[in-house]
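Heads up: the structure comes next, in structure tokens.
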Amino acid sequence: MGEIEDVYEDLDADVSLEEFREAVEEKVDQMGGLADEETAAMLIAHELDESEVDGVADVEPGMEDVEFTAKVTGVGEVRTFERDGEEEEDGQVVNVELADETGAIRVTFWDKMAASATEELAVGDVIAVKGRPKEGYNGVEVNVNDVDPDVTDDIDVQIQDAYRVEDLSLGLSNVNLAGKVLDTESVRTFDRDDGSEGKVANLVLGDSTGKVRVTMWDDMADRADELSSGNAVEVVDGYVRERDGSLELHVGDRGAVEEIDEEIEYTPESTPIETLEIGQTVDISGVVRSADPKRTFDRDDGSEGQVRNVRVQDDTGDIRVALWGDKADEDIAPGDEIALTDVEIQDGWQDDIEASAGWQSTVTVLGESDGVSGGAESDDGTTGLDAFGDDADDGSSTASRDGTASGDPTQAAATDRSGDGGGAAAVTADGEEVEFTGTVVQAGDPVVLDDGEETMSVETDADVRLGQEVTVRGTAADGRIDADDVF
């Protein structure tokens, strides 16, 4: 064999010997005799090896021409544009979405190739493309200069008309998914490398199979301000990306987030509160036992932050949750049933643990209390948590101490939202017949009711559930009600 054939034998690239010879001859001509055929063959072999990537995820801007095989997940419409030269014909361009097991990418066909792509390619086809990567509007794109539509490789990427959260996988595009809005975030702006300003916002959707963060770009970002928790929406033409090890559904200029008239079930998978440990990031849910006022504080950089503490209880225990930033504005009151996702469990006050709900967390009200408001307010305008607590102006997760909820020190023993929730709602003489209506914020022994202004501890064998509004009648004894009737 000759020198060209020897180099070709060691080449691991999908190119014929004839194509390789032509490339070597062209390289010799380009170098003006500075390289012989063997040197030129080695240079071409190196370029071909460099262009082969293991998957879509390996394609990066700045690479020379790359080659990869992927499945067609979407074919756009041909767009016509005017070129700079007045005498030149109008150009054509079409975007095609491709994906493999490692990720998704947009490739661009120009002019004659654009028309051929729309006529010959269909969703589900597997093709091999060669082209040059660049930084595109929504990530890496490849300008295609060669395509092979007759590929027999099997690419394991599922394509369907409608998806559930559990169906999402890296590399999917043209995704339509319906879900319940669990949380929204404010719109943020940023500067692109080309000097233009972009916008981005997030919301979290849930369905019967799980939850997913949705990232909306530019004009779509404004939808975050138009939607509220509990809305049912459908994401149209989204694409799946990965961030910090988790899948996200992105929506750009071609997609949409539309409200729909549909009841969507979402059941959070919660970790029992009694099992929580410092360092975990978990989902929890339960009924709000108490809710502090929102607090503001100055950060080290001079900006102002805000936080609000609530105490959440499930069947196994209760925990203080610090709601940071926009989450401090959530309309939450005692008796509300809420779900919190991706909260961090941290070391709290007095050797207790607490949960921190930051930017990555979601807060969803699953059921609202009936007429139950926040913490009781005293004559001087403070709540009991103000009177007995310290402000966290250093940005720590404890914004106020979890002491007595009553602002009147004379009733400190009567209304206690910390510990086991014990204590009668008012100083009542033993043996007096009383009636009290409130929301069940503790369904154990004792049962604890909250009417928005005070709590009442009740001795009863009645079967009640968290969040239920009940009325009790009975005899006051030892600062509690020994209930005769629960209805």
Side-chain angles (χ1 to χ4, degrees), residues 4-5 7-31 35 40-76 78-79 91-157 159 170-171 173-174 239:
I4 294 178
E5 288 80 0
V7 175
Y8 179 80
E9 281 294 314
D10 296 329
L11 182 64
D12 183 19
D14 187 16
V15 60
S16 68
L17 177 58
E18 182 179 351
E19 291 172 325
F20 186 70
R21 283 182 181 278
E22 292 176 355
V24 170
E25 293 174 0
E26 184 178 346
K27 177 67 72 174
V28 171
D29 292 340
Q30 287 176 352
M31 301 190 69
M42 294 177 66
L43 290 172
I44 294 298
H46 177 72
E47 292 175 2
L48 289 172
D49 286 338
E50 286 291 307
S51 69
E52 290 282 351
V53 293
D54 293 330
V56 166
D58 295 330
V59 179
E60 297 179 357
M63 287 181 166
E64 296 297 326
D65 283 0
V66 295
E67 296 180 52
F68 58 89
T69 300
K71 180 178 287 188
V72 177
T73 59
V75 179
V78 175
R79 302 195 304 273
Q92 290 185 315
V93 62
V94 64
N95 293 320
V96 175
E97 306 290 340
L98 301 179
D100 64 9
E101 294 88 344
T102 70
I105 196 167
R106 173 176 291 180
V107 299
T108 305
F109 293 84
W110 299 89
D111 299 325
K112 292 181 179 179
M113 292 186 69
S116 298
T118 56
E119 294 172 1
E120 300 177 13
L121 297 182
V123 172
D125 289 348
V126 176
I127 63 174
V129 298
K130 181 177 181 180
R132 175 156 298 189
K134 67 182 184 69
E135 188 66 47
Y137 190 65
N138 289 316
V140 183
E141 297 181 0
V142 174
N143 285 327
V144 178
N145 53 46
D146 194 15
V147 59
D148 181 2
D150 299 319
V151 178
T152 58
D153 294 17
D154 183 26
I155 302 295
D156 187 16
V157 173
I159 300 172
L170 188 63
S173 60
N174 293 330
Y239 52 98

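Model, not experiment: these values are computed from the prediction.
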Just verifying a value: how many Å separate Lys130 NZ and Asp148 CG, rounded to the nearest 0.5 Å?
12.5 Å
Of all heavy-atom pairs linking Pro149 and Ile127, the shortest is CA-CG2, 3.8 Å
Which of Val66, Ile105, Leu98 passes side chain to side chain contact (heavy atoms under 4.5 Å, CB included) with Val56? It is Ile105
Any heavy-atom pair between the side chains of Val147 and Phe109 that's under 4.5 Å?
yes
Strictly distance-based, threshold 3.5 Å: is any side-chain N or O of Asp111 a donor or acceptor partner for the main-chain N or O of Gln92?
yes
Please tell me if the side chains of Val142 and Phe68 come closer than 4.5 Å, counting only heavy atoms from C-beta onward.
yes
Applying side-chain contact (heavy atoms from CB on, under 4.5 Å) to Val129 and Asp146, what does each step give before you reach the verdict?
CA-CA 6 Å; Val129 298; Asp146 194 15; over 6 Å; no
Which value, rounded to the nearest 0.5 Å, describes the distance between Glu120 atom CD and Met113 atom CE?
9.5 Å
Side chain proximity check, Val144 to Thr108, heavy atoms < 4.5 angstrom:
no
In short, Ala70 meets Ala99 closest at the heavy-atom pair CB-O, 3.4 Å
If only atom types and distance count, is the side chain of Lys71 paired as donor or acceptor with the main-chain N or O of Asp100 below 3.5 Å?
no
How far apart are the closest heavy atoms of Ala128 and Thr69, and which atoms are they?
CB-OG1, 3.8 Å
How many angstroms lie between atom CG of Asp125 and atom CG of Asp150, to the nearest 0.5 angstrom?
10.0 Å
So Glu97 and Val75, do their side chains get closer than 4.5 Å, heavy atoms only?
no
Minimum heavy-atom distance between Val94 and Ala117, given as atom pair plus value:
CG1-CB, 4.1 Å
How far apart are the closest heavy atoms of Glu135 and Val140, and which atoms are they?
OE2-N, 4.2 Å
Is it true that a side-chain atom of Glu101 and a backbone atom of Asp156 form a donor plus acceptor pair closer than 3.5 Å?
yes
In this structure, NZ of Lys134 is separated from CG of Asn143 (nearest 0.5 Å) by 5.5 Å
